[in-house]
Amino acid sequence: MEFIITTPSEFSFDLCAEFLRRSPRELLHQWEDGSVRKLLQLGDKHVLFELREAIGENFVPVEKGILVRVLNGTLDKEEQHQLIQYIRAWFDLDTDLKPFYSKMAGDKLLGNLVQKFHGYRIVGQPDLFESLIWAVLGQQINLAFAYTLKQRFVEQFGSHFEFNGKRYYTFPTPQVVARLTDADLLPLQFSRQKSKYTVTIGQAFANQSIVQGQLATLALADARDALMKIKGVGNWTANYALMKTFRYKDAFPAEDVGVHNAIRILRNAKAKPTVDQVRRLFRKYKGWEAYATLYLWKSLP
DNA sequence: CGCCAGGTTAGAG
DNA sequence: CTCTAACATGGC
C-alpha cells in the first residue's frame, strides 16, 4: 500500500535524507536508491515502510510531498494514522519555519546558512529512550566512533525483522537494557561510564521513573530537570533529547563542541567560544535555539 | 605521535 | 560555589 504525505514548502527531502545517510553504520534505517527504509513497531505489528520524494506523475494535486510505501502488507485506518503521525514527527513537518527564516535573515552567523540549507529540518528521534542512549553514546567521543558503538549495541541487543533476505532492526528495549552489565557492554568498547549510564537509563524507563508521555506535557525547564535526575544525563544530553524527541524549539545543548566549533569557524576565530559566550550569543535566537543549533551543525565540514 | 571528540560526575579547594 | 581529574579509545 502507498500514500502521500503533503509537506510544507519549507521542507527539503534531500537535505533530511542526507542527514539520514551520514553514517554507513546506521542500522535503524537504510538508504536505497533514493528512498529511506525503516522498521516501525506499532503494537505487536512490524511495519516496514519506505519513503521517497513524491514528484512527477504520481503526484498532481499538491506541490510537495513524501511518497510512503508499506512493504510488508497493509495497515488499517488507525495504523495508517499512526504511521503518518510518526513520519510527521520524524521530519518535524508540523513546525512552521517561516518565522525562523525571517528572524534569521541578515544574521551574521546564520543568515547565509538558512539560505544555503533552506528546508532542512530537525530529523528527530521520536523515541525518548533511544534519544537519550544515543546522546550518551555520543558523549565526549567522535561521532564516527559513536556510530560504531551504536551499531554493536543495536546488533547485539535490538531485535530484527527479516524481509526479502534483509534484516531491519529495532532499538533495544528498556527491559533488555536494564538487565545488561559491564560484562555485556565493555566488550563492545563502551567505557565503564557509558556502560553505567546506559543501564541506568534502561532502568529508569523500565521501572517507569521516566515515562515519555508524562514528560511530553511539561515545560522545557521541568522536563530538563526530570531528565537530569538520571545519572549520566547532564544539560547537554537532556537538551539534545528535548530537541530531538519533544521538539522544544528553545532547547539547545550549549555545551556542544560541534556548536562551539561551528561558531569558531564561521567567525574565522582562533579559539572556540566559552559556554557562557554561546548562551549569550543564543539570546538573539530566543525561541529558535534548536534550529539555530541544527543549522550550525550543518555548517560543519 | 598528539590532539581532539555532538560531556558528566565526583571530589577537592 | 567553582574548578579539575578521570573516564577511555577511535579518528585524523
Side-chain angles (χ1 to χ4, degrees), chain A residues 16 18-26 28 109-110 113 117 120-125 128-153 181-204 210 224-248 251-266 269-279 281-282 285 289-301:
Chain A
C16 292
E18 191 178 302
F19 172 82
L20 291 173
R21 269 179 295 167
R22 73 185 170 154
S23 174
R25 298 187 178 280
E26 178 59 71
L28 298 177
L109 229 41
L110 289 168
L113 296 175
F117 302 118
Y120 186 38
R121 283 169 186 259
I122 297 173
V123 178
Q125 268 167 350
L128 178 64
F129 176 65
E130 179 185 332
S131 194
L132 287 171
I133 299 277
W134 169 234
V136 165
L137 295 187
Q139 288 173 358
Q140 185 52 25
I141 60 173
N142 63 69
L143 211 47
F145 184 39
Y147 270 111
T148 302
L149 295 179
K150 179 179 167 186
Q151 178 184 36
R152 293 173 182 159
F153 182 67
T181 65
D182 280 354
D184 297 306
L185 293 172
L186 298 189
L188 312 194
Q189 287 182 288
F190 280 46
S191 62
R192 289 171 195 287
Q193 202 179 41
K194 282 195 200 304
S195 170
K196 187 164 50 162
Y197 295 168
T198 299
V199 175
T200 302
I201 293 170
Q203 290 166 348
I210 295 287
R224 185 198 57 211
D225 292 348
L227 290 176
M228 284 178 64
K229 293 210 171 85
I230 309 173
K231 285 286 169 242
V233 179
N235 186 66
W236 178 86
T237 303
N239 276 282
Y240 177 88
L242 293 172
M243 161 181 173
K244 299 279 279 193
T245 299
F246 293 128
R247 305 196 163 286
Y248 291 92
F252 85 105
E255 298 83 353
D256 186 87
V257 72
V259 169
H260 300 182
N261 276 325
I263 293 169
R264 175 179 61 79
I265 293 167
L266 289 168
K270 204 150 196 165
K272 287 180 288 193
T274 65
V275 175
D276 275 351
Q277 289 171 329
V278 174
R279 287 190 201 284
L281 170 71
F282 263 62
Y285 305 137
E289 290 90 337
Y291 265 91
T293 300
L294 180 78
Y295 279 78
L296 287 173
W297 279 339
K298 187 68 180 164
S299 76
L300 288 166

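Only this structure's heavy atoms are used, side chains among them; waters, hydrogens and symmetry mates stay out. Convention: sequence-line order gives letters A, B, ...; per-chain numbering from 1. Keep in mind that what you see is a predicted model, and the values were worked out from it rather than measured.
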Would you indicate what [X] reaches in the nucleic acid, counting non-hydrogen atoms under 4.0 angstrom: base, sugar-phosphate, or nothing?
| X | result |
| --- | --- |
| A:Tyr240 | base |
| A:Ile230 | sugar-phosphate |
| A:Asn239 | nothing |
| A:Gln139 | sugar-phosphate |
| A:Val233 | sugar-phosphate |
| A:Lys272 | sugar-phosphate |

- prompt: Taking atom NZ of A:Lys196 as the centre, does the number of heavy atoms from other residues, nucleotides or ligands within less than 6.0 Å exceed 12?
  reply: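 No, not enclosed.
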
Flag if over 12 foreign heavy atoms under 6.0 Å of CZ, A:Arg264: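 Atom CZ in A:Arg264 is crowded, with more than 12 foreign heavy atoms closer than 6.0 Å.
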
field: Same-atom distance (P) from C:dA8 to B:dG11, integer angstrom
entry: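 C:dA8 and B:dG11 have their P atoms separated by 15 Å.
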
task: Please check the phosphate of B:dC3 (OP1 and OP2 only) for any side-chain N or O of A:Asn142 closer than 4.0 Å.
output: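 Answer no for this pair, as no side-chain N or O of A:Asn142 is under 4.0 Å from OP1 or OP2.
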
- prompt: Do the side-chain N or O atoms of A:Thr148 get closer than 4.0 angstrom to the phosphate oxygens (OP1, OP2) of C:dG10?
  reply: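 Answer is no, no contact under 4.0 Å.
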
Rounded to the nearest Å, what distance is computed from the [atom1] atom of residue [X] to the [atom2] atom of nucleotide [N]?
| X | N | atom1 | atom2 | value |
| --- | --- | --- | --- | --- |
| A:Leu137 | C:dG10 | CG | P | 15 Å |
| A:Leu143 | C:dC12 | CG | P | 11 Å |
| A:Lys229 | B:dT8 | NZ | C1' | 18 Å |
| A:Leu186 | C:dG10 | CG | P | 14 Å |

query: Counting side-chain heavy atoms from CB outward, which of C:dA8, B:dT8, C:dG10 is closest to A:Ile141?
result: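 That would be C:dA8.
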
query: If you check every side-chain atom of A:Phe145, which of C:dG10, B:dT8, B:dA5 has the closest atom?
result: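 The closest nucleotide is C:dG10.
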
Check whether any side-chain heavy atom of [X] sits under 4.5 Å from a side-chain heavy atom of [Y], and report yes or no.
| X | Y | answer |
| --- | --- | --- |
| A:Asp256 | A:Thr293 | no |
| A:Leu185 | A:Lys194 | no |
| A:Ile230 | A:Thr237 | no |

field: Sub-4.0 Å heavy-atom contacts from residues 191-199 of chain A onto DNA chain C, ordered by number
entry: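 Of all residues in residues 191-199 of chain A, the ones placing a heavy atom under 4.0 Å from DNA chain C are A:Ser191, A:Arg192, A:Gln193.
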
query: Just by distance, do the side chain of A:Asn261 and the backbone of A:Gly258 share a donor-acceptor pair under 3.5 Å?
result: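 Judged by distance alone, no pair lies under 3.5 Å.
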
- request: Kindly say whether A:Ser23 contributes a backbone atom to a donor-acceptor pair with the side chain of A:Glu26 at under 3.5 angstrom?
  value: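 No, because the side chain of A:Glu26 does not come within donor-acceptor range (under 3.5 Å) of the backbone of A:Ser23.
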
Considering all heavy atoms, the nearest A:Glu289-A:Phe282 contact: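 Minimum heavy-atom contact is O-CE2, 3.6 Å.
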
message: Go through it in stages, so that I can follow the logic: the residues are A:Lys298 and A:Glu18, the test is salt bridge (charged side-chain N to carboxylate O under 4.0 Å, His left out), and I'd like the CA-CA distance, side-chain angles, deciding distance and then a yes or no.
response: CA-CA 11 Å; A:Lys298 187 68 180 164; A:Glu18 191 178 302; 2.7 Å; yes

Shorter than 3.5 Å, N or O on both sides, protein versus nucleotides 10-12 of chain B: list them out with atom names.
none

